[in-house]
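Contents: one structure, followed by commentary.
We name chains A, B, ... by the order of the sequence lines, and we start the count at 1 in each one.
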Amino acid sequence: MKSGKYSSTFLGTAYPVYYVTDKSEAISYIQRLLAQPDEVYVVDTETEALPQYKHIYQAALSPHLAVTRLLQIFTGRTVFVFDIKMIGSFEIFTELLETKRYCNHNSIFDLGFFYKYFGVTHMDFGCTYIAARLISHATVPSDAGLSLSLGSLVSGLFKTEMTKTMGVSDWSVPELTWEQLDYSAIDAISTYHLANRLAPKILRYGLARVYNLYKDAQHPLAKMHLNGIKLNVPKHKELIEVWRAELAASRRDLVKITGLDEITHPTIVKYLEDTLPPHILSIWPRTETGKLQTDTHAFTEFADLPIVQPFSRFSKSKTLCSSFGDTLLKSVNPATGRLHSQFRLAGARTGRLSCSGPNIQQQPRDKAVRDNYIPEAGHMFVCADYSQIELRCAAEVSRDEVMLKAYRDGVDLHRLTASLISKKRIENVTKEDRQRAKAFNFGLLFGLGAKKFSHYAKKSYGATVSSEEAAAGVATFRETYYGYREWQLSQTESAVKAGFCTTPCGKRRCLDYDNSYGPSMNTPIQGGAAECMLSALVRLNNLFTDTNITAKIVLTCHDEVLVECLPADAHKVKEAVEISMELGFLDVFPDGIVRGICECKSGKSWGDAK
DNA sequence: GGAATAGGCGCG
DNA sequence: AAAGCGCGCCTATTCC
């Protein structure tokens with residue numbers, strides 16, 4: 001297609017489309033747009049994989065492997081499609097992007113390209129994807145079978161089908177087809193209409209505050225994605241060899257014990273079914289579908305059977321090899337040599353972030369693994385942790401006097417619980433007592449009962465707690481933190497009655513009728529903690545942008561944030577992180593107690609700085 | 001032969 | 001009557 005004026009039709013209305021391929025022409029349109037009164041525009045982009053990365057799956061989605069081909073702006077009346085490749089300039093758009101207000105569907109994606117190529121440092125950028133997620137979580141109890149893609153939302157709301165095929169078409173061809181240009185224009189136009197439909201719902205469900213928090217949080221999240229984190233590939237390969245050796249050894253042991261020639265999960269289950277005596281088979285834990293359960297818990301119950309130890313080693317090393325072995329190496333970006341995880345706002349219905357490609361939030365805690373996450377040569381890591389953030393949220397939300405007093409007085413709540421449960425004076429509490437108490441504090445936050453508690457304590461804290469001890473501990477916890485228990489009861493009652501519950505910043509979660517007790521207790525706590533962290537990230541990113549500290553936020557893991565910086569800046573970075581985390585907590589709980597809330601360390605690797 | 005589901009396990 | 005947190009990724013299985 002040649003540059004010029006065309007027209008695209010959406011819902012029976014034809015909109016003028018200016019396809020711009022010339023730099024001076026682009027500049028004159030930009031000037032006109034800059035002179036317009038303040039309105040929210042839609043800005044969208046189409047990207048093309050760089051030639052050397054074309055063979056890589058979904059390369060067009062990575063700002064490091066792709067570049068912007070088209071930049072579309074829809075004003076509500078007119079579409080401008082700027083062909084960046086033909087125009088040959090990014091910087092002529094910087095001011096326009098930084099000064100106007102915008103909206104798009106999944107704006108974090110475009111933001112990565114704006115940061116990388118367009119020299120953008122800040123932007124007022126709404127997102128219909130975030131809005132749709134918030135509204136969906138507020139109104140339907142489950143994500144099952146739900147698509148929040150632009151196409152699905154538009155066809156659902158406007159009863160019109162959008163062509164989906166062009167999105168994955170080749171945007172690198174010298175001359176674009178009319179189908180491609182029309183698609184790019186319709187994308188922007190439909191997003192505009194979608195935004196106008198969603199805005200009143202954000203207000204209706206009281207989501208304005210959390211929406212604005214998420215809108216701001218897009219910036220640090222887009223930057224973390226862009227920054228990525230370096231993996232020490234040679235060291236990680238060595239670690240994989242260790243895991244493989246362990247896998248082989250445990251497999252040999254299992255072959256010897258069972259006589260099977262193929263060791264997989266199903267063959268082991270079959271072996272157990274065939275060989276276990278009836279009196280054991282009858283008490284062996286079962287899965288929901290009635291099969292024999294083979295998780296760690298089921299197996300520790302029968303620790304004296306010879307198959308248990310080797311199978312446990314086998315499962316562990318198998319997981320390490322398959323989830324954290326070569327797959328992690330495959331995630332290394334060929335252009336940067338780093339891992340660029342994607343963080344998704346409200347990925348969890350509680351309001352937590354979710355993470356993928358790789359999921360940095362589920363890397364083994366093992367120091368050997370985390371030591372392979374390293375800063376760029378000549379740099380270092382600063383790592384900060386929110387101390388007991390969920391317990392602090394529990395205290396603030398429930399206003400439990402005992403909890404609040406402990407935090408006011410700088411008392412370690414795990415030690416306090418430990419002294420109550422072990423009936424020892426607080427100064428005599430041992431490390432093991434405290435570890436067990438951690439299990440109680442966190443388990444009880446989830447509303448865990450005595451029955452499931454032993455399993456949880458063993459699995460999460462390696463603590464052995466009998467069912468009698470569990471029952472006594474649960475009772476002690478509930479008596480001691482009486483205000484918190486009261487809150488749990490009133491919270492579940494009102495949430496179940498209303499059919500939804502709410503986080504401190506107002507994210508609403510529609511509850512599943514069959515599973516509402518646990519989530520209604522947990523969502524305000526877990527969600528509140530996540531909101532503190534998002535607030536802190538926004539503040540930290542602003543500090544880094546507004547001052548001359550050159551530091552990169554590289555990852556966040558629920559209560560933890562990792563920053564890469566020059567050793568000379570480490571002190572300033574530490575200060576910035578600490579103040580951001582305190583203020584982040586205060587953004588959510590304005591009268592909150594921040595004493596001892598942030599633990600900050602530095603080091604030469606993630607494991608080292610933790 | 002691809003999509004969906006269950007089970008298991010990693011993390012917080 | 002008791003229980004009750006949240007994710008993503010891998011493997012095996014089942015369904016169409």
Practice problem: Within residues 482-499 of chain A, find the residues that approach DNA chain C with a heavy atom at under 4.0 Å, and present them sorted by residue number. | Solution: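 None, since no heavy atom is under 4.0 Å.
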Quiz item: Where along residues 515-524 of chain A does a heavy atom fall under 4.0 Å from DNA chain C?
Solution: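 Of all residues in residues 515-524 of chain A, the ones placing a heavy atom under 4.0 Å from DNA chain C are A/Tyr517, A/Gly518, A/Pro519, A/Asn522.
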Self-check item: Residue-level proximity of residues 356-368 of chain A to DNA chain B when a heavy atom falls under 4.0 Å
Solution: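 Within residues 356-368 of chain A, the residues near DNA chain B are A/Gln361, A/Gln362, A/Gln363, A/Pro364, A/Arg365.
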Exercise. Hey, which sits more toward the 5' end of DNA chain C by its nearest nucleotide, A/Gly347 or A/Leu448?
Key: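 Looking at the nearest nucleotide for each, A/Leu448 comes out on the 5' side.
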Quiz item: Does A/Arg509 count as lying over the ring of A/Phe500, i.e. NZ or CZ under 6.0 Å from the six-ring centre, within 45 degrees of the axis?
Solution: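 Judged by the rule, A/Arg509 and A/Phe500 form no cation-pi pair.
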How many whole angstroms separate atom [atom1] of [X] from atom [atom2] of [N]?
X        : N      : atom1 : atom2 : answer
A/Phe314 : C/dC10 : CZ    : C1'   : 13 Å
A/Leu353 : C/dG6  : CG    : C1'   : 12 Å
A/Asp559 : C/dC7  : CG    : P     : 17 Å
A/Lys291 : C/dA12 : NZ    : P     : 13 Å
A/Asp512 : C/dA3  : CG    : C1'   : 15 Å
A/Asp326 : C/dC10 : CG    : P     : 11 Å
A/Lys270 : C/dT13 : NZ    : P     : 12 Å
A/Ile263 : C/dT11 : CD1   : C1'   : 16 Å

We want to know whether [X] and [Y] form a side-chain donor-acceptor pair, criterion being a heavy-atom distance below 3.5 angstrom.
X        : Y        : answer
A/Ser312 : A/Ser315 : no
A/Thr503 : A/Glu531 : yes
A/Gln388 : A/Asp412 : yes
A/Tyr482 : A/Arg478 : no

Quiz item: Is there a donor-acceptor pair under 3.5 Å between the side chain of A/Thr502 and the backbone N or O of A/Gly506?
Solution: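 Answer holds: no.
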Is [Y] paired with [X] through a side-chain N to carboxylate O contact shorter than 4.0 Å?
X        : Y        : answer
A/Lys604 : A/Asp371 : no
A/Arg244 : A/Asp326 : yes
A/Arg415 : A/Asp433 : no
A/Glu273 : A/Lys270 : no
A/Asp385 : A/Lys610 : yes
A/Arg370 : A/Asp608 : no

Quiz item: Would you say C/dC5 has OP1 or OP2 under 4.0 Å from some side-chain N or O of A/Arg352?
Solution: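 For C/dC5, OP1/OP2 do not have a side-chain N/O of A/Arg352 under 4.0 Å.
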If the plane angle is over 60° it's perpendicular, under 30° parallel, otherwise tilted; pick one for [X] and [Y].
X        : Y        : value
A/His340 : A/His64  : tilted
A/Tyr484 : A/Trp487 : parallel
A/Trp606 : A/Tyr373 : perpendicular

Self-check item: Secondary-structure string, 5' to 3', Watson-Crick or G-U under 3.5 Å, | for another-strand partners, for DNA chain C
Solution: ....||||||||||||
Would you indicate what [X] reaches in the nucleic acid, counting non-hydrogen atoms under 4.0 angstrom: base, sugar-phosphate, or nothing?
X        : answer
A/Lys316 : sugar-phosphate
A/Arg344 : sugar-phosphate
A/Glu390 : nothing

Quiz item: Does A/Asn359 have any side-chain hydrogen bond (donor to acceptor under 3.5 Å, both in side chains) partners at least two apart in sequence or in another chain, and if so, which?
Solution: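 Here no residue qualifies.
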Quiz prompt | A/Pro266 side-chain proximity, nearest of C/dA12, C/dC5, C/dT11 | solution =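 From the listed options, C/dA12 comes nearest.
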Exercise. Considering only heavy atoms of chain A and a distance under 4.0 Å, specify the first and last nucleotide of DNA chain B in 5' to 3' order that meet this criterion.
Key: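 Listed 5' to 3', the contact boundaries are B/dA6 to B/dG12.
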Practice problem: With ring-ring contact (aromatic ring centres under 6.0 Å, His included) as the test, would you mind laying out the steps for A/Phe442 and A/His414 before giving the verdict? | Solution: CA-CA 10 Å; A/Phe442 289 121; A/His414 293 319; 5.3 Å; yes
